[in-house]
*Asks:* 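Before we start, here is the structure in question, set down as structure tokens.
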Amino acid sequence: MKKQLIYATALISSACLLPSCFEKEEQSAEPVKVEQPAKPQPPAQPTNEEIGRLILEKLPVCERATSGEVSCDAPGKNDDGSLNITAHLSMIVKENLYTKEAAPEEFNKERQAVNEAANLAMRPEASYLMQIGAPSDFITDEDRNAKPLPADLQTILNELKELSDGSVYRKTVEAGKEVTVTINFHATYKEDAWVYDNVVLDDANLLALDALTPESAINTETDSILTPEFEGIRKQLIKEKTVAFNEAARPYILSREEAARATFTQKTAQKEEEALKAREAEEAARAAQEKHIKMCADLLAEGKSFAGEWARGDRFGELTLIVRQSKLVADESIQFVGAVYDTKLPEASLDIEGRCELTPTEQGSMIKITIYDGQYDPDQPTAEVYDSKDGQLILYLTAEGKLVGTMGCASWGAESEKNFRINMVPKAE
């Protein structure tokens, strides 16, 4: 402005000195040119502070690390003056970070020293029985099942399992380690400021820290941190537990064999006793059967007879059964022929044929008798049976020697109310 002012004053002074004839010519002179200030040049690229703020705005909350320095690669320039920028932000890990993982395989290898003793202690009873010479038919299904360990051995085995299989924490990231976050974006300078778009943030390295456990979250009293000292102490503990188990298992394994021998001896004696009882029972049953057969044969022998009564409803009468011939068939039955008649009318009788089964039931030995033709009193209710073609007696010879059962027709059925109830005893000779 100062330069313009001097230039204008000079013009005014000249105008005052020139004659008036030049006034018209002076009016046609060119207009005064005013110089404009030069436009400021845009910055070459965003500052590291600006880029740092951009990255932190895009990053999720991170508890594992704090932000550090920003560095940039050489930007790529576009025809319109915009830039393609790749920048890196270093994140500083706050504290040691650990990975939770299975215990080292070496621990389990140390524990394998108990396998032989544990397997012998848990062997089925059958193994020890065969070891002392027990026959295979002596062994039961229960003997084939694995034997549970005693409580003291099981406790040591559980402790060994915890020592060798428990999880441990291994330090994987040291405090102070730098983790890099990379950002790619497009930058355009507009209206005295940088404008960003196409922002792509690669924070995988940072996110990987979230899967780790910070040292402050580890309980040193209950959690195991994997260090050379820890490994040495843990291996020594496993060795000590292994020795304790093997020493405790040795007398127990020996006792298993002795117990198997005692069991074998006891069961052998028990089987011998059971066999003796079975023989005695068999002999007693055979003697009882022989006695029963003899009783039946004696009662149903030739010339033997039974006398008693029949009853149906409120009617009753006397009845006699006589055996004329009989024979024993293969110790299974006695077959006989004879007659049945009303006791008061012995001259009127009906022929019968019967079979006595010698295998007794709760009611006695079953006798099935078929009634054939003969003479009978037509005025008696029994004539209804005697007159039919399927008359029969279903009797039982009891242990007391009685004949009890029914007389009727096969067509009536065993439960018919028309059947006559029969009750007879051996007739004195």
*Asks:* Considering only NZ, NE, NH1 and NH2 on the basic side and carboxylate oxygens on the acidic side, decide whether R279 and E283 come within less than 4.0 Å.
*Replies:* no
*Asks:* I'd like to check E357 versus S365 (side-chain heavy atoms, cut-off strictly below 4.5 Å). Are they in contact?
*Replies:* no
*Asks:* State, without any angle test, whether S416 and N419 hold a side-chain donor-acceptor pair at a distance under 3.5 Å.
*Replies:* no
*Asks:* Any side-chain donor-acceptor pair under 3.5 Å between Q266 and Q270?
*Replies:* no
*Asks:* side-chain contact (heavy atoms from CB on, under 4.5 Å) with I422: which of T406, L319, V404, L321?
*Replies:* L319
*Asks:* Does this structure show an ion pair linking D351 with R324, if we count only N-O contacts that are shorter than 4.0 Å?
*Replies:* no
*Asks:* Spell out, as yes or no, whether a donor-acceptor pair under 3.5 Å connects the side chain of T155 to the backbone of A151.
*Replies:* yes
*Asks:* Can a donor-acceptor pair be found between the side chains of S71 and H88 at a distance below 3.5 Å?
*Replies:* no
*Asks:* What's the separation between atom NZ in K389 and atom CD1 in I371, rounded to the nearest 0.5 Å?
*Replies:* 15.5 Å
*Asks:* To the nearest 0.5 Å, what is the distance between CG on L89 and CD on E178?
*Replies:* 10.0 Å
*Asks:* Look at the rings of F420 and W310 and say which category their plane angle falls in: under 30° parallel, 30 to 60° tilted, over 60° perpendicular.
*Replies:* perpendicular
*Asks:* Are R111 and D165 ion-paired here, with the side-chain N under 4.0 Å from a carboxylate O?
*Replies:* yes
*Asks:* Any non-hydrogen side-chain atom of T370 less than 4.5 Å from a side-chain atom of Y372?
*Replies:* yes
*Asks:* Taking N119 for its side chain and N115 for its backbone only, find out whether a donor-acceptor pair lies under 3.5 Å.
*Replies:* yes
*Asks:* Testing the 3.5 Å rule here: is there a donor-acceptor pair between the side chains of S326 and Q335?
*Replies:* no
*Asks:* Should R261 and E257 count as an ion pair when the cut-off is N to O under 4.0 Å?
*Replies:* yes
*Asks:* Apply side chain to side chain contact (heavy atoms under 4.5 Å, CB included) to C62 and list each qualifying residue two or more places apart in sequence or on a separate chain.
*Replies:* R64, A65, L206
*Asks:* State whether K109 and E105 are salt-bridged, where the test is any N-O pair (Lys NZ or Arg NE/NH1/NH2 against Asp/Glu carboxylate O) under 4.0 Å.
*Replies:* no
*Asks:* Apply side chain to side chain donor-acceptor pair (under 3.5 Å) to the pair T398 and E400, showing each step before the final yes or no.
*Replies:* CA-CA 5 Å; T398 67; E400 294 81 15; 3.2 Å; yes
*Asks:* Let's go through E162 and N158 carefully: what are the C-alpha distance in whole Å and the side-chain angles of both, what is the deciding distance for side chain to side chain donor-acceptor pair (under 3.5 Å) to 0.1 Å, and is it a yes or a no?
*Replies:* CA-CA 6 Å; E162 291 177 4; N158 292 342; over 6 Å; no
*Asks:* Report yes or no: is the cationic atom of R355 (NZ for Lys, CZ for Arg) closer than 6.0 Å to the six-membered ring centre of F336, at no more than 45° off its axis?
*Replies:* no
*Asks:* Check the pair S216 / E95 against side chain to side chain donor-acceptor pair (under 3.5 Å), numbers first and verdict last.
*Replies:* CA-CA 8 Å; S216 58; E95 59 179 317; 3.1 Å; yes
*Asks:* Between E50 and T47, is the side chain to side chain donor-acceptor pair (under 3.5 Å) condition met? List the steps.
*Replies:* CA-CA 5 Å; E50 292 175 305; T47 64; 3.3 Å; yes
*Asks:* Can R312 and E384 be counted as an ion pair, charged N to O under 4.0 angstrom?
*Replies:* yes
*Asks:* Does a donor on one side chain sit under 3.5 Å from an acceptor on the other, for S90 and T180?
*Replies:* no
*Asks:* Is the shortest distance from a Lys or Arg side-chain nitrogen in E110 or K235 to a carboxylate oxygen in the other one below 4.0 Å?
*Replies:* no
*Asks:* Under a 4.5 Å cut-off applied to non-hydrogen side-chain atoms, are L201 and L59 in contact?
*Replies:* yes
*Asks:* Any salt bridge between E247 and R250, counting N to O under 4.0 Å?
*Replies:* no
